[in-house]
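Everything below concerns the one structure shown next.
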Amino acid sequence: MADLNNQQHLTVAGGTEVANLNDDPGSPLNVVPHNLSLHFAFNEDEDALVEGRVSLDPEPISSEITPSILNQNGLDDDEDGVQDCTFTQLLSTGVHADEEFYVHHTPNGTRMWCPNVPIVLKPVVGSVYETWKDVFRQLRSIFWADEISKINYEVFGDVLAFDATYHTNKYNMIFVPFTGVDNHKQCVTFGAGLLFNETTESYKWLLESFLKAHKKQPKLVLTDQDPSMKAAISEVFTDSRHRLCMWHIMKKLPTKIAGDLLQNSELRALMHRLVWSIHMKPSTFETRWQLLMEEYGLQDHDWLKDMYSIRDQWVPAYFRDIPMCCLMKTTSRCESSNSSFKVNSSSANTLVQFMLCYETRIDNQRYRQRVAEFKTSSSVFMDSTGLAIEKHAFELYTHAISTEVRKEIYKGKLFCYIVNTEDCDEGCVYYVNQLDKRNNATNTFTVILELSNQSVSCSCNNFIRIGYLCRHIFCVYRVNNIERIPAQYVVKRWSRDVLPKSLFSIESRYGVDTRPQAAARSQILEIVTECVDALRSDVGGLSSFAEQIKELKCKLLNGGPVDDEANNDNYAAVEELLGVSLDGDVTLDNPDGIRNKGRGKRRRLSRAPQDGTSNSAVKPPKTPRLCRTCMKYVTGHDSRNCKKKKNKNKNKSGNEDEDEDSSSASQEST
C-alpha cells in the first residue's frame with residue numbers, strides 16, 4: 001500500500017510478466033501491475049529468516065480467494081493501522097477482480113491502494129514453505145519507476161549511468177539507482193532497484209525490468225569495471241555502447257606503477273593529459289600512447305597493456321561518433337546521487353523506512369528541477385555580445401545551457417578569427433584560429449559551411465560531444481551575419497519546452513485526479529503557460545495576448561459577447577437598479593459633516609453674524625470660579641493671573657533690590 005502521489009511500475013524478480021505462480025514452485029514471484037505506487041509493509045520480527053519459521057507439516061497455499069483468508073470483521077488490520085478492503089467489499093463497491101488495483105482510505109484520511117492480485121501472490125505473515133530454499137527466495141529483487149521517471153527517461157535517456165551502493169537497509173539488499181542528466185545539467189533518476197546479490201543473473205534481470213518499464217535502450221551506458229555488470233549489459237542492452245568510468249581506471253595508476261616512476265609527476269601529468277583529452281582522434285591517441293610508453297620504458301607493463309587493449313571502452317577519443325559522449329565520462333554523478341540517497345537512509349532501515357527515505361530524496365530532486373524550471377521561465381535576456389544569435393540561443397535553451405552557449409559565443413568573438421577561406425563543392429571552408437591562453441599557442445580548426453542549407457561541421461567535433469555549437473562555428477556565423485541557429489542543430493534535450501508543463505503542476509505532485517473537469521482544467525493551464533512562454537520576449541505579443549484573455553474573461557463572466565450592444569444592456573440594467581441616468585456628467589459634492597457620539601470636544605472660532613449683531617449678547621453667562629489667591633468667586637480671573645498675586649510678587653522683588661543696594665554700599669565703605 002502507498003500514497004497515490006506517484007504512479008509507478010513494479011516488477012518483482014523471477015518468472016514471466018503475468019500475475020500468477022510460475023511453473024517452478026520454488027522460483028520467486030513476479031508481479032507486474034501497471035502504473036501502481038510501490039510500498040513495503042513488512043513485519044520486522046516476522047521477516048527474520050534466521051528464526052526458522054518452517055512448518056514440519058507444510059500445507060499448500062491456495063490460489064483461490066476465500067472468505068476464510070479474511071478475518072471476521074471483513075478488515076485486515078495491519079500493524080501500521082491501515083485497513084485493507086476485503087474481496088467481498090470490492091465487489092460491492094464495483095471493483096472487479098480483473099482490475100489492477102483498488103483504492104481506500106486509512107483512518108487518518110490518506111488515500112491508499114492495494115494491487116488487485118490473488119492472495120497467494122501477496123506476502124502473508126505466517127506463510128508455510130516446503131524447504132529453506134523457498135524461504136530464502138520470499139523477496140530477491142525488485143525494480144520500480146514512476147510516471148515522472150518515465151517521462152524524464154524518454155527525453156534524457158540518451159546517456160545512462162548506474163552503480164551499486166550498500167548500507168541502505170537492514171537486509172543488506174543492494175541498491176542500484178539509474179541516473180542521467182536533465183536539460184538543466186542536474187542529476188535525474190530514471191528508476192531504482194534492490195538486488196539480493198551482484199551476480200550476472202541479478203543484473204540481467206534488473207536491466208530487463210528496466211526495459212519493460214522504459215521500452216527503449218540508451219545510446220551510452222556508463223559503469224565501473226564490474227564484470228557482472230559488463231556481462232549483463234552486453235546481453236540486454238544490445239543496441240547501446242558500454243563505457244567504463246575513467247576515474248576508476250586512472251585512480252589505480254599510482255598503485256600499478258611502482259618505483260621511481262611513481263614519483264615522476266611529469267609522467268602522471270602526461271598520462272592524464274593524453275587520456276582525458278576530448279579533442280584527440282583515435283589514431284593520434286594510439287601514436288602518442290606508444291611514444292609515451294617508449295619514453296619511460298613501459299612497453300611491457302602488464303596493467304598498462306591491459307588498459308590499452310580495452311582502450312575503446314574508456315578513452316574519450318573512441319566515443320567521438322556518439323552524441324552526448326562527453327555528457328558523462330565518469331560515474332561521479334551516479335555516485336553523487338547514491339551518496340545523496342544515503343543521507344536520508346541508513347543500514348538500520350526496514351524496507352518501508354527505506355522507501356520513505358527514497359521518496360523524500362526524489363521529492364528533493366524534483367523540487368530542484370522545478371526551481372531550475374522557474375529560473376529559466378522568469379529570467380530576462382541580457383545582451384552581452386551584441387549579436388542576434390545570442391538572443392536566439394536564450395529563447396531556445398534553458399538558463400544553464402544558454403549561459404554556456406553565451407560563453408561560447410563570447411569566446412568565438414574574442415579569441416577566434418578566420419585566417420583563410422576556400423570554396424568547395426558543398427559550400428565554403430573556413431580556417432579558424434583560436435588563441436589558447438593557457439598554453440600561449442594558436443590552434444587551427446576547419447569549419448565547413450554549406451551555404452545552401454546552412455549545414456555546418458567543425459574539425460573539433462564539439463557539437464557531437466556537448467550538444468550545441470562550438471565557438472569556432474559561432475565565429476563563422478558572426479562573419480556571415482547568421483542571426484538564428486539552424487533547426488537541425490538545436491538539440492531537443494537542452495531546450496526549454498522539452499518537458500510538458502503539466503509535469504510541474506500540483507496535480508502531478510500530489511496525485512492524479514481523473515475527473516473530466518480536472519483534466520480540462522489542467523489542459524487549460526498548460527495551454528496558457530505554453531502561450532506565455534512562447535511570447536516571453538515579445539512585449540507587444542504579451543500585451544495583445546493579455547487583452548484577448550481579458551475579453552474572453554468578460555465573455556465568460558457576463559454570459560455573452562463583449563460589444564457595444566452588450567455594454568448598453570449592462571448600462572440599462574444599472575440605471576434601472578439605481579434609479580438614475582448614467583448619461584451626461586455627474587457632479588459629486590463632499591458630504592456634510594456630522595457629530596458622532598463620543599467625539600472629543602473642541603473649541604470653535606466665533607464668527608460675526610451676517611446681520612451685524614454681536615455674538616456676546618447671545619452667549620450664556622459664565623459660572624463663577626474660586627480664586628485661591630484672593631479667596632473670592634470670580635469669572636474674570638483665577639489663581640494664576642490674580643492681581644493680588646502680582647502685587648505680592650512686585651513688592652517682594654522691590655525689597656530684594658533694596659537689600660542688594662545696602663549690602664553693596666557697605667562693602668564700598670569697608
Side-chain angles (χ1 to χ4, degrees), residues 5 147-148 151-152 154-155 182-184 366-383 388-403 405 483-485 487 490 492-578 582-583 586:
N5 297 346
E147 292 299 323
I148 297 180
I151 295 175
N152 284 324
E154 182 69 23
V155 179
D182 64 2
N183 56 339
H184 305 285
R366 290 170 181 171
Y367 169 76
R368 293 194 300 271
Q369 191 178 35
R370 292 194 298 271
V371 170
E373 190 72 18
F374 174 77
K375 187 175 182 180
T376 297
S377 60
S378 61
S379 58
V380 181
F381 173 70
M382 302 295 293
D383 192 357
I389 199 171
E390 179 187 1
K391 184 177 180 181
H392 186 223
F394 173 81
E395 297 173 352
L396 286 176
Y397 301 118
T398 61
H399 182 268
I401 301 302
S402 62
T403 302
V405 173
E483 297 182 354
R484 299 179 63 86
I485 301 176
V490 178
K492 186 178 179 181
R493 76 172 332 273
W494 297 127
S495 61
R496 289 171 171 252
D497 305 323
V498 66
L499 292 175
K501 299 302 179 183
S502 59
L503 192 68
F504 308 102
S505 63
I506 297 179
E507 290 82 359
S508 179
R509 281 179 276 164
Y510 298 109
V512 178
D513 193 348
T514 58
R515 294 178 299 173
Q517 57 268 32
R521 177 178 177 273
S522 300
Q523 185 179 9
I524 293 173
L525 293 177
E526 184 175 356
I527 292 174
V528 173
T529 304
E530 289 180 357
C531 293
V532 173
D533 290 343
L535 299 172
R536 62 174 64 93
S537 301
D538 187 0
V539 179
L542 288 174
S543 301
S544 176
F545 182 71
E547 293 298 328
Q548 296 178 17
I549 293 296
K550 290 180 182 179
E551 293 180 1
L552 181 60
K553 174 184 174 182
C554 293
K555 291 181 181 179
L556 294 176
L557 297 183
N558 296 331
V562 180
D563 50 19
D564 295 337
E565 183 179 356
N567 292 333
N568 294 333
D569 295 340
N570 293 336
Y571 284 136
V574 173
E575 290 177 352
E576 182 180 358
L577 178 64
L578 299 179
L582 299 180
D583 295 335
V586 179

Donor-acceptor contact present, side-chain R496 to main-chain T376, <3.5 Å: yes
Heavy-atom closest contact (L535 atom, F545 atom, distance): CD1-CB, 3.9 Å
Rounded distance (nearest 0.5 Å) linking atom CZ of F394 with atom CZ of F381: 7.5 Å
R366 side chain vs I148 backbone, donor-acceptor pair below 3.5 Å: no
Worked check of side chain to side chain contact (heavy atoms under 4.5 Å, CB included) between D182 and L499: CA-CA 10 Å; D182 64 2; L499 292 175; over 6 Å; no
Heavy-atom pair of closest approach, residues V532 and L542: O-CD2, 4.1 Å
S544 side chain to G540 backbone, donor-acceptor under 3.5 Å: no
Stepwise side chain to side chain contact (heavy atoms under 4.5 Å, CB included) check, H184 with I401: CA-CA 7 Å; H184 305 285; I401 301 302; over 6 Å; no
H392 side chain vs I485 backbone, donor-acceptor pair below 3.5 Å: yes
Test log, rule side chain to side chain contact (heavy atoms under 4.5 Å, CB included), inputs T403 and H399: CA-CA 6 Å; T403 302; H399 182 268; 3.9 Å; yes
Side chain to side chain contact (heavy atoms under 4.5 Å, CB included) evaluation trace for E483 with I389: CA-CA 5 Å; E483 297 182 354; I389 199 171; 5.8 Å; no
Heavy atoms of other groups near Y367 OH, more than 12 under 6.0 Å: no
Distance, nearest 0.5 Å, that separates NZ of K391 from CZ of R484: 10.0 Å
N/O donor-acceptor pair under 3.5 Å between N183 side chain and R493 backbone: no
